[in-house]
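Worksheet: one structure, shown below.
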2 protein chains.
Amino acid sequence: MKNPIYAEIVQNIRNKISSGQLKPGDDLPSETSLCSEYNTSRMTVRKGLSILSNEGYIYSIPGKGYFVKKPNYNKYIFVYDEMNNLINNVDKTKLLSVDIILPDEKLAGSLRISENKKVVMIRRLFYTEGEPMAYDVKYLLYKKGTPIVENEIENATFPEMISNRTSLYDLNNELIIYAKTPEEETKKLLHIYGEVALLVVEQKLYDSGNKPIGLGITYFRGDYIKLHGVSKSSNC
Amino acid sequence: MKNPIYAEIVQNIRNKISSGQLKPGDDLPSETSLCSEYNTSRMTVRKGLSILSNEGYIYSIPGKGYFVKKPNYNKYIFVYDEMNNLINNVDKTKLLSVDIILPDEKLAGSLRISENKKVVMIRRLFYTEGEPMAYDVKYLLYKKGTPIVENEIENATFPEMISNRTSLYDLNNELIIYAKTPEEETKKLLHIYGEVALLVVEQKLYDSGNKPIGLGITYFRGDYIKLHGVSKSSNC
DNA sequence: AAGTGGTCTAGACCACCGT
DNA sequence: CGGTGGTCTAGACCACTTC
């Protein structure tokens with residue numbers, strides 16, 4: 001069976017949609033009429049329609065029918081990993097400090113804890129080809145049971161750091177990206193003498209109950225990083 | 001039928017995976033053994049497994065079985081629209097110029113055309129609450145048939161601009177994000193006097209054949225924009 | 001009441017994988 | 001070869017929408 005019937009249905013309808021023969025809001029033929037059109041059973045037709053639905057081309061309303069969805073042309077997928085990016089990869093890291101601190105008001109608010117709860121602060125520098133390219137600060141909720149192993153921390157990405165606390169499957173992760181001019185301290189750390197913009201990536205991790213478990217801020221030298229995203233077109 | 005059987009299967013297996021009872025690489029019970037476990041038919045079991053597969057929890061190998069996938073904890077979804085972002089929305093635009101130009105080497109390479117092909121260049125300023133917040137430049141392949149209507153261009157996002165040339169469904173869209181210090185010309189346009197970093201977003205649109213049809217570069221004042229992304233782990 | 005999609009069944013044949 | 005997943009059928013009942 002090289003050409004499944006459902007695949008043919010998917011292809012035909014998808015073509016009609018992307019060629020404009022079927023426009024957003026239009027209704028599709030009913031399942032039963034597609035059955036007779038393709039001379040197949042209802043389950044096969046449904047398999048095809050469910051694929052189109054997963055791909056974001058159509059949706060269904062019980063009792064009414066299938067309809068063409070509006071395309072979502074401004075959704076992008078980014079693969080972000082503070083150690084790897086479009087231009088340079090991090091080939092060396094330097095652990096600047098690991099401290100247990102009391103959060104200031106802003107940090108406590110961000111992690112949704114009170115100001116007397118302890119927080120682990122990890123400061124690192126990322127190098128590429130001998131040059132410091134990013135200054136990285138992570139804040140993790142302090143937990144007695146989990147010892148801080150400096151060796152493990154040194155080369156870990158943020159999700160890796162917390163992987164011994166929560167399943168990576170349950171991770172709800174949030175990114176905020178913006179540009180900033182560096183402060184004096186950051187300039188020193190990153191060997192910036194002239195004018196260089198920073199690309200700042202704030203990464204916030206939540207557990208399965210949507211409680212924050214960590215905040216990471218990475219200050220990349222603007223000339224050392226480009227983030228790359230691709231449009232999604234499918235799903236949702 | 002309030003609690004479909006397949007939904008129960010999905011929930012059970014998903015829980016086992018995110019609780020760590022099932023680890024990446026582990027194999028699931030076969031379809032037939034799940035049939036007897038849930039006392040249901042094979043098609044119902046398959047419906048559940050296909051949902052877990054779509055959600056990225058498992059995958060199948062014909063002839064072998066189903067296996068638990070590694071989680072993809074560093075995939076993010078961004079909704080990018082040059083007119084709307086986390087801090088400020090564009091409430092006014094100003095069309096600076098619309099020109100038909102010959103591309104320089106870099107632009108020609110980026111659009112994969114030869115240097116004697118004409119290109120439409122559109123320059124705009126984006127305002128929020130009276131202040132210029134971004135400088136925007138678009139390059140579109142010049143086509144004789146499609147007239148340039150300034151009114152239409154003025155408030156259009158990039159995909160909207162090309163929506164009369166290609167179906168928005170076929171759009172393959174690519175983003176590149178980086179930080180830069182502004183050049184003198186940009187400083188003037190954006191009323192920047194002190195030190196302000198720019199967040200630059202390059203947007204490249206491809207048609208269904210993966211041929212570039214346009215390049216857009218938006219220079220946002222770093223203090224006026226934050227991009228926001230959410231992890232993808234489970235779909236939708 | 002008639003038509004729609006949502007769920008489910010109990011079979012079937014196929015291609016692929018291992019032993 | 002037996003076990004696995006991939007495709008497909010011809011029915012069934014349900015809940016919902018529309019008339």
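Each chain gets a letter, A, B and so on, in the order the sequences are listed, and its residues count up from 1. Note that these values count all heavy atoms, side chains included, but never hydrogens, waters or copies made by symmetry.
- Rounded to a whole Å, the CD1 atom of A/Ile58 is 11 Å from the C1' atom of C/dG5.
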* To do: Could you go through the salt bridge (charged side-chain N to carboxylate O under 4.0 Å, His left out) check for B/Lys92 and B/Glu129 one step at a time?
  => CA-CA 8 Å; B/Lys92 212 187 79 184; B/Glu129 291 171 15; over 6 Å; no
* Asked: Which dot-bracket string fits DNA chain D when only Watson-Crick or G-U wobble pairs with both atom distances under 3.5 Å count, crossing pairs get [ ], and | stands for a partner on a different strand?
  -> .|||||||||||||||||.
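- Applying the 4.0 Å criterion to OP1 and OP2 of C/dG6, one finds that A/Arg46 has a side-chain N or O inside that range.
- Taking B/Glu202 as the reference, nothing meets the salt bridge (charged side-chain N to carboxylate O under 4.0 Å, His left out) condition, with sequence neighbours excluded.
- In this structure A/Tyr38 satisfies the ring-ring contact (aromatic ring centres under 6.0 Å, His included) test with no other residue, sequence neighbours excluded.
- Scanning residues 31-42 of chain A for heavy-atom distances under 4.0 Å to DNA chain C yields A/Glu31, A/Thr32, A/Arg42.
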* To do: Evaluate the criterion salt bridge (charged side-chain N to carboxylate O under 4.0 Å, His left out) for residue pair A/Glu154 and A/Arg124; output intermediate values, then yes/no.
  => CA-CA 8 Å; A/Glu154 197 151 347; A/Arg124 296 183 295 181; over 6 Å; no
Close N or O pairs between protein and nucleotides 16-19 of chain D (under 3.5 Å):
unit_1 : atom_1 : unit_2  : atom_2 : d
D/dT18 : OP1    : A/Lys64 : NZ     : 3.2

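- The side chain of A/Lys47 contributes an N or O atom lying less than 4.0 Å from OP1 or OP2 of D/dT7.
- Residue B/Asp27 contributes atom CG, which lies 9 Å from atom P of D/dG5 at whole-angstrom precision.
- To the nearest angstrom, P of D/dT7 lies 12 Å from CG of A/Asn3.
- When the C1' atom of C/dT7 is taken as reference, atom CE of A/Met43 falls 8 Å away, rounded to whole Å.
- With sequence neighbours excluded, no residue forms a salt bridge (charged side-chain N to carboxylate O under 4.0 Å, His left out) with B/Arg112.
- For B/Thr44, the side-chain atoms get nearest to C/dC8 when compared with the rest of D/dC8, C/dC8, C/dG6.
- Listed nucleotides C/dG5, C/dT7, D/dC8 differ in distance to A/Ile5; the shortest reach to its side chain belongs to D/dC8.
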* **Residues B/Phe78, A/Phe78; criterion ring pair (Phe, Tyr, Trp, His ring centres under 6.0 Å); working and verdict** => CA-CA 7 Å; B/Phe78 281 75; A/Phe78 280 75; 4.7 Å; yes
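- Atom CG of B/Leu49 is separated from atom P of D/dG6 by 9 Å (rounded to the nearest Å).
- Taking 4.0 angstrom as the limit, B/Ser60 places a side-chain polar atom (N or O) nearer than this to OP1 or OP2 of D/dG6.
- The OH atom of B/Tyr6 sits 16 Å away from the P atom of C/dG5 (whole-angstrom rounding).
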